[in-house]
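Beneath this line is the structure, given in structure tokens, with notes to follow.
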Amino acid sequence: MPSRRLEERRIAFQRYKEDVKRDGKPFYPYAMFHDTVMSLVVVCVIVGLAFVWHYTSLLGPSLAAKADPGTTSFVPRPDWYFYFLFYLLRIFKWPNSVILGTVGIPTILLILLLAIPFIDMRRERRLLRRPIAIVAAVLVALSMGVLTYKGATAKEALGAELLADVPNWVKAEKLPAQAVPGAKLFATSGCLNCHTYLGAGGSQLGAPDLSAEGSKNKGITFQIQHLKCPSCVNKGSPMPSFAAFGDANLRKLAIFLEASKGPK
Ligand code: HEC
């Protein structure tokens with residue numbers, strides 16, 4: 001005795017077959033003609049947009065400013081449609097949950113999406129009769145919207161803003177005058193993309209807070225060596241080399257780091 005639902009599906013499928021027989025049109029040439037026309041429309045729209053972009057400035061400049069390979073203060077930002085992933089990276093902190101946040105969650109959601117036709121086999125199409133699917137879709141759209149907004153408005157560790165913090169650092173840590181040039185360099189060199197210093201910056205890749213780096217008393221020579229080749233000094237360090245700054249600048253940074261004994 002087949003269940004009632006199975007019976008209903010059989011009847012519905014039978015009705016569908018009869019509908020197709022009575023009103024259906026063969027794929028060739030009807031559907032093929034539709035597809036061809038629609039493809040041409042899409043191609044024409046793309047070509048049209050390319051012309052508008054090339055000959056007017058309605059869609060933005062055709063070329064932005066030249067890339068500067070020597071920059072040390074560039075703050076990379078993704079295109080807007082990746083802001084939600086970008087913000088996920090901020091929520092999930094290195095190293096424990098980053099993989100989960102950036103690869104895990106999107107992959108799980110994609111697999112769920114692929115699995116839906118196999119999970120939900122009902123023929124029901126009306127939106128009001130599919131509460132779970134609708135709630136899930138609304139939740140996904142809502143969370144992506146919120147994450148995109150948060151990503152778009154997130155404050156970056158921008159050099160100019162951080163530079164304004166230097167006087168506060170001098171006061172809080174009682175930094176001597178010769179540490180100030182290093183502090184300014186530190187604020188504008190991207191160090192704070194990974195490190196924190198008195199609450200400024202963001203912690204990435206497990207980089208330590210440097211507010212009290214000087215109290216480790218590692219010495220100027222160590223600091224310069226470490227900045228030149230972090231992984232030579234601290235095995236496996238993911239910190240990039242700053243050897244390109246030149247010895248004079250590295251010395252300034254080292255003096256600042258050694259003078260940072262924590263807030264007093
Ligand atoms: C890409 C991320 C990243 C950037 C950018 C970065 N660091 Fe680091 N830094 C790390 C990590 C990770 C560690 C821990 C491993 C190590 O000690 O090398 C670290 C460690 C350090 C230490 C501690 C060394 C010790 O053994 O006490 C100092 C000091 C330091 N960084 C200074 C700087 C300065 C100054 C800059 C900017 C010129 C900078 N870092 C830029 C990731 C970064």
Side-chain angles (χ1 to χ4, degrees), residues 42 46 60 64 67 69 71-159 161-162 186-187 189-213 226-227 229-242:
V42 170
I46 293 174
T71 180
T72 55
S73 56
F74 175 68
V75 183
R77 282 179 71 79
D79 282 314
W80 66 268
Y81 43 83
F82 280 132
Y83 277 161
F84 74 99
L85 268 183
F86 174 63
Y87 202 78
L88 270 185
L89 245 186
R90 290 186 165 222
I91 293 177
F92 294 92
K93 286 286 174 213
W94 184 270
N96 304 329
S97 50
V98 164
I99 301 292
L100 176 71
T102 52
V103 183
I105 291 181
T107 307
I108 291 170
L109 288 180
L110 266 180
I111 290 176
L112 272 180
L113 200 60
L114 287 175
I116 282 180
F118 301 99
I119 299 171
D120 182 1
M121 310 246 272
R122 293 171 309 150
R123 306 176 54 79
E124 190 58 71
R125 291 287 165 82
R126 271 161 292 188
L127 294 184
L128 278 178
R129 303 254 177 106
R130 306 184 60 194
I132 297 178
I134 295 303
V135 168
V138 167
L139 280 183
V140 167
L142 209 67
S143 50
M144 280 177 79
V146 169
L147 286 173
T148 301
Y149 174 77
K150 297 279 274 181
T153 54
K155 257 184 111 178
E156 292 300 331
L158 283 174
E161 277 168 27
L162 293 166
F186 179 75
S189 300
C191 310
L192 288 161
N193 286 331
C194 295
H195 291 281
T196 49
Y197 190 93
L198 294 181
S203 47
Q204 291 293 339
L205 304 178
D209 179 83
L210 294 178
S211 316
E213 172 68 15
H226 179 258
L227 288 169
C229 179
S231 59
C232 306
V233 186
N234 291 340
K235 228 175 151 42
S237 171
M239 176 168 146
S241 161
F242 288 89

Main-chain N/O of Val135 paired with Arg130 side-chain donor or acceptor, under 3.5 Å: no
Close side-chain approach of Gln204 to His195, heavy-atom, < 4.5 Å: no
My understanding is that only residues two or more places apart in sequence, or in another chain, count here; which of them pass ring-ring contact (aromatic ring centres under 6.0 Å, His included) with Phe84? none
How about Leu110: does its CG atom have over 12 heavy atoms from other parts shown lying under 6.0 Å from it? yes
In terms of heavy-atom contacts, Val140 and Ser143 come closest through O-OG, 3.1 Å
For Pro106 and Leu85, work out which heavy atoms get closest and say how close. CG-CD2, 3.8 Å
Nearest non-hydrogen partners of Pro230 and Ser237, listed with the distance: CB-OG, 3.5 Å
At their closest point, which heavy atom of Tyr83 faces which heavy atom of Thr148, and how far apart are they? CB-O, 3.7 Å
Interatomic distance, CZ@Arg77 vs CZ@Phe82, rounded to 0.5 Å, equals 14.5 Å
Any chance the SG atoms on Cys194 and Cys191 come in under 2.5 Å? no
Could you tell me the separation between the CG atom of Leu114 and the CD1 atom of Ile119, rounded to the nearest 0.5 Å? 10.5 Å
With a 3.5 Å distance limit and no angle check, can you tell me whether Asp79 reaches the backbone of Tyr81 through a side-chain donor-acceptor pair? no
Out of curiosity, Leu147 CG to Leu88 CG, how far, rounded to the nearest 0.5 Å? 5.0 Å
